[in-house]
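Some notes on the structure that comes next.
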Amino acid sequence: MNRANQTERRFTAEDADRARKEGFARFSGWGLKSLPAEISELGNLDRLYLIHNELESLPAGIGHLINLTELDVRSNRLSSLPKEIGELRRLEELYLDDNRLQTLPAEIGKLSELRELDLDGNRLSHLPAELFRLRNLEQLDLRNNRLTEIPADICKLANLRRLYLSNNLITELPPELGQLTKLDKLELDGNQIRELPREMVQLLGRSISLSVSRNPLADPLPDLLTRGLDALAAYLRSLEDAVPHYEAKVLIVGEGAVGKSSLLASLRGEPFVLNRDTTHGLEIHPLVLPHPDLDLPMTVRAWDFGGQEVYRITHQFFFSRRALYILVWNARRGQEQGEVEGWLGRIRLRVGLDARAILVSTHCDERNPEIDFEQLKQVFPNMLAGQFSVDNQSGSGIAELRDQIAQEAAALPQMGRMLSPRWIAARDDILSRYQSEPQISWTDFVKACSHQHLNEEETTTLAELLHDLGHIIYYGDDEGLKDIVVLNPEWLTKAIAFVLEDPVTRASNGVLDHARLRLIWQEHARGVPYPARHHPYFLRLMEKFDISYRLDDNEKKSLIAQLVPHSRPVLPWIFKTPAPPSVRIVTLICKLQEPAPGLIAWMTVRHHNASVGKHWRNGVFLRHPTTAYASEALIELQQDGRLMLQVRAPSPDLFFNVLRDSMEHLLRRRWPGLQYEFLIPCPTPGCGGEFPLNGLLRRRERGKTVRDCLNCDVDHDISILLTGFTSSQAEIRAQLEALHDELGALSGGIERIEGGVKRVEVFAAQSADSLRRVLKVVSTEVIDCPRMFTLAPPPRNTEPLSPSGLVRQRRITFQLVYLTLWCEHPGEWHPWQPATYELKQEREWVARLTPYANFVLKTLRLVVPIVAAVSGVSLPKQQAEDLSKRIELMKVITERLPAEVERQERLEGTPKNELTKAEGQALRSLRALLFKYDENRIFGDLRRVQAPSGELLWVCPHHYHEYDPGLPQLPEPSQAMPPFAESRRALGARPNEVPAPTLRPAVPEVPESQTPTF
């Protein structure tokens, strides 16, 4: 609301009479600058709403309202509270968001019945001790203040469930925070926190929702958090016997044959070797240096990268923000031939603005280096840590370089991090094998950890941490790779490089015949050949790295996207081709500040399920695998370095948003230092004008409807320009309601939904896009368990219970309710029967789920039409009825749950694309309930996967293999199997067989038929 346009209204006798009669007074948006004195006479008021006014203070008379249970003074100008606020002894909810409070009166501690206290958006720098007397407080919102610390007395708030501390200046957390045994939501985003106290493990052992983004967390906390709270808990638990650990990572990069390996040898004190062999892939060697400030040694693990261009795609996976970079160039060849700026640019793209690099010129006894260091410092500010001239043969300049490396390594954030000696010993034992054993089985990894007394949880966390740090390669969540641990990344990258260098594969435009792998990895490999039992792993790892994908179901060939032809093939259409009237076009231009090497190749691999075999070095043509959506896309890197995306379909938003999100996900994840801008081309024919996307969005938010093109001087409707971008801005609940209305308008209902009906195709695509948005919304709250479910009552008299039969019941006892989780595979959502739980005597639990259950219900009601539409007429009637019956049963149950509903007054600030507080709490209750009934978190063998566009999904075993196809079946030798597969065969399991779910909860007989298969 615009306060400048407010006109202050007067409080009349009629207002007073109405307030006495109704028990509440609502003066929201009245423009009040002071509270009318008559308010103090309304002693029977239960609720008082003063939202969006201009109050600078509350009168002492506020203390006369002794029956108030809720006081809402959000969005005013309060700088203080009167001490009389303490007289409101019955107050349960106090909302003071968006004011100017700098302090709180001590009397606030007298509000003994207070359950919710919201102080978001004030100017508080400290909290009074009396605040922590509020024993009944369940929610404390302190976001967007100026707090620098949280007192240890926080532990006295024994009933606290939700604590919001985001966007303050907090530097550390008190250990006493771990004593809040009922806490289920903790927000710490946007502070200055570096460490998390070990005592927080007491919180993590429960179903708490924790967010700590935008904090300068010390290593290894950021990596652990991305892995989940179990990994964080395992690490914090291990800190009981932790000691400082002094180790760093140095990456030596540069063009080929510039002397990188010789430089590393000189730094290690090894003799110079003339005509040293070229490095293929990468090699890792330890370098021990004295700490510049402490009397102790540091171990620097130096990674020597091969400089050939063919290795750069794989090497970027090992670039890390937690490392020092040494960029080597040959003084005899000069700065340009040494690609100094190119390498610095690649480091910044991959690591971000915090990267640190030392420039080292070699062969300097022969020629003085010529480099414009000052100009480089301007182009790469805060990145360059110095330049050094050395000669590897004579050793000149090496000592000075060693000293600088020690200084920079000591300043890295992970230096001195706390680690358990048991973890260090296990890690050192495992990594010491990498020369003789480039890979070991997961069983051997577990044995090494158990010798150092690491439990199962610690072992898994250590493996994931070592993977994130680049010491090993381990994918424990991949069906085909979870039984192998690669100890020597150089061993793997060399194997991949041999494929990229294979002349036959290159001559075949990137088509790799699997029959050649034995030649490439055994007969043609330099040095020791790779045993055949490793070949399926290598090929699967190439797929994990987005380097290749299998071309057919027979698994005889793969496509290496980096090696596809340079020339563009004949396409069904290009960007300027006119489209039929029934097809809508959405176009986006991504203006890249610098090239993003490998982006097109990675997009080609990631979306290979939409491939039509038309790909080239600078582009790919795609067709959505669901034919009902009739969506085609063209992605091409233009000659000016800009990336262009265009999607054509009756409703292109779904495919467009998937591809755009995928592009952004790759840009953010793999090139965090890359600056880019999204542009929308002017729709005027022949005009080359462009509109910045962010600018259009800002204008729309300010209420503007038109934007003129500076190139053709034509005014354009902003809503039309933003077609394809509106769904990400629209309120998700309103969008779901609109789709429900559209569904009702479709003549004939579900029976009329056929793949050839254009209107239904558009509806199906729009609904699928909305379902995808729903998952993104709920993922902001919960990612470590499934989120979609239905509820069903038990059958009566052994007969399936229909929704109409349930309605006829006089009451529902909720003594037994069945909860079934759903598979979230796009276009094919369905209940997964093995993930069904009997909820006995859980009326209170089920009631807590109501706000989120209603949100889920609105979502699932779109599922049946989508499944029918994308399946054409092939969806059996019984399956459609089963899906519909489950959803209608859920509707009947949720309507009869005695849930607490948020008051309408508090819904004024409902976020557009987030869950409400009530929905978020209900979703966390679902999480806690699942963890209670499924302690091993098996979820009926539903598994979490990441879609190509970045969102997390939970899918059933049938669909899991679309994300993880398992190990490929390679030709001769046909009997060659990895050791783990042999052990599994001895136990009677087939290689790559999906294990049967160990969870076998009771399954209701409603509906009668089995889970639909698609």
Side chain to side chain donor-acceptor pair (under 3.5 Å) filter on Arg668, not counting sequence neighbours, yields none

Sorted by chain and number, sequence neighbours left out, side chain to side chain donor-acceptor pair (under 3.5 Å) with Ser611 holds for none

Does [X] reach the main-chain N or O of [Y] with its side chain, forming a donor-acceptor pair under 3.5 Å?
X: Thr604; Y: Ile600; result: yes
X: Asp189; Y: Arg214; result: no
X: Arg506; Y: Leu500; result: yes
X: Ser770; Y: Gln766; result: yes
X: Arg617; Y: Gln562; result: yes

If you compare all heavy atoms of [X] against all heavy atoms of [Y], which two are closest, and at what distance to 0.1 Å?
X: Asp513; Y: Lys557; answer: CA-CG, 4.1 Å
X: Tyr629; Y: Gly827; answer: OH-CA, 4.4 Å
X: Pro948; Y: Arg606; answer: O-NH1, 2.8 Å
X: Val863; Y: Trp822; answer: CG1-CZ3, 3.9 Å
X: Pro652; Y: Val586; answer: CG-CG2, 3.4 Å
X: Ile589; Y: Glu690; answer: CD1-OE2, 3.4 Å

Across all chains, not counting sequence neighbours, the side-chain contact (heavy atoms from CB on, under 4.5 Å) partners of Glu962 are His825, His959

Across all chains, not counting sequence neighbours, the side-chain contact (heavy atoms from CB on, under 4.5 Å) partners of Asp478 are Tyr475, Leu481, Arg540, Lys544, Asp964

With a 4.5 Å cut-off on side-chain heavy atoms, are [Y] and [X] touching?
X: Thr577; Y: Leu571; value: no
X: Glu828; Y: His958; value: no
X: Ile887; Y: Leu857; value: yes
X: Leu559; Y: Val511; value: yes
X: Ser631; Y: Phe656; value: no
X: His624; Y: Leu654; value: yes
X: Val782; Y: Tyr852; value: no
X: Asp708; Y: Asp715; value: yes

Does the pair [X]/[Y] count as a salt bridge with the N-to-O cut at 4.0 Å?
X: Arg670; Y: Asp546; answer: yes
X: Arg568; Y: Glu636; answer: yes
X: Glu824; Y: Arg787; answer: yes
X: Asp653; Y: Arg584; answer: yes

Interatomic spacing from [atom1] in [X] to [atom2] in [Y] - rounded to 0.5 Å:
X: Asn509; Y: Leu563; atom1: CG; atom2: CG; value: 9.0 Å
X: Ile635; Y: Cys590; atom1: CD1; atom2: SG; value: 11.0 Å
X: Leu942; Y: Tyr960; atom1: CG; atom2: OH; value: 12.5 Å
X: Arg943; Y: Cys823; atom1: CZ; atom2: SG; value: 11.5 Å
X: Gln675; Y: Arg348; atom1: CD; atom2: CZ; value: 8.0 Å
X: Thr684; Y: Asn711; atom1: OG1; atom2: CG; value: 9.0 Å

- Message: Under a plain distance cut-off of 3.5 Å, with no hydrogens placed, do Gln646 and Trp573 share a side-chain donor-acceptor pair?
- Response: no

Quiz question: by atom type and distance under 3.5 Å, do the side chains of Ser558 and His514 form a donor-acceptor pair? yes

Note to self: Quick one, Arg772 with Asp769, criterion side-chain contact (heavy atoms from CB on, under 4.5 Å). Give me CA distance, side-chain angles, the key distance, then yes/no.
What the structure shows: CA-CA 5 Å; Arg772 184 170 166 269; Asp769 191 39; 4.1 Å; yes

Quiz item: If you draw a 6.0 Å radius around NZ in Lys591, do more than 12 non-hydrogen atoms from other residues or ligands fall strictly inside?
Solution: no

### Message
Are there over 12 heavy-atom neighbours, none belonging to Asp713, within less than 6.0 Å of that residue's CG?
### Response
no

Report task. Take Glu339 and Arg346 through the salt bridge (Lys or Arg N to Asp or Glu O under 4.0 Å) test and state the conclusion after the steps. Result -> CA-CA 11 Å; Glu339 263 284 292; Arg346 282 188 285 274; 3.5 Å; yes

So ring pair (Phe, Tyr, Trp, His ring centres under 6.0 Å) across residues 675-717, not counting sequence neighbours, yields Tyr676-Phe678, Phe691-His716

For Tyr549, the ring pair (Phe, Tyr, Trp, His ring centres under 6.0 Å) test, sequence neighbours excluded, returns His608

ask   = Should Val620 and His607 be marked as a side-chain contact (heavy atoms from CB on, under 4.5 Å) after you check the CA-CA gap, both sets of side-chain angles, and the distance that decides it?
value = CA-CA 10 Å; Val620 60; His607 295 281; over 6 Å; no

Could you go step by step and tell me if Phe855 and Val778 meet the side-chain contact (heavy atoms from CB on, under 4.5 Å) rule?
-> CA-CA 10 Å; Phe855 182 73; Val778 300; 4.0 Å; yes

Problem - Audit row: Leu667, Leu592, side-chain contact (heavy atoms from CB on, under 4.5 Å) steps and yes/no - result: CA-CA 10 Å; Leu667 290 172; Leu592 302 171; 4.2 Å; yes

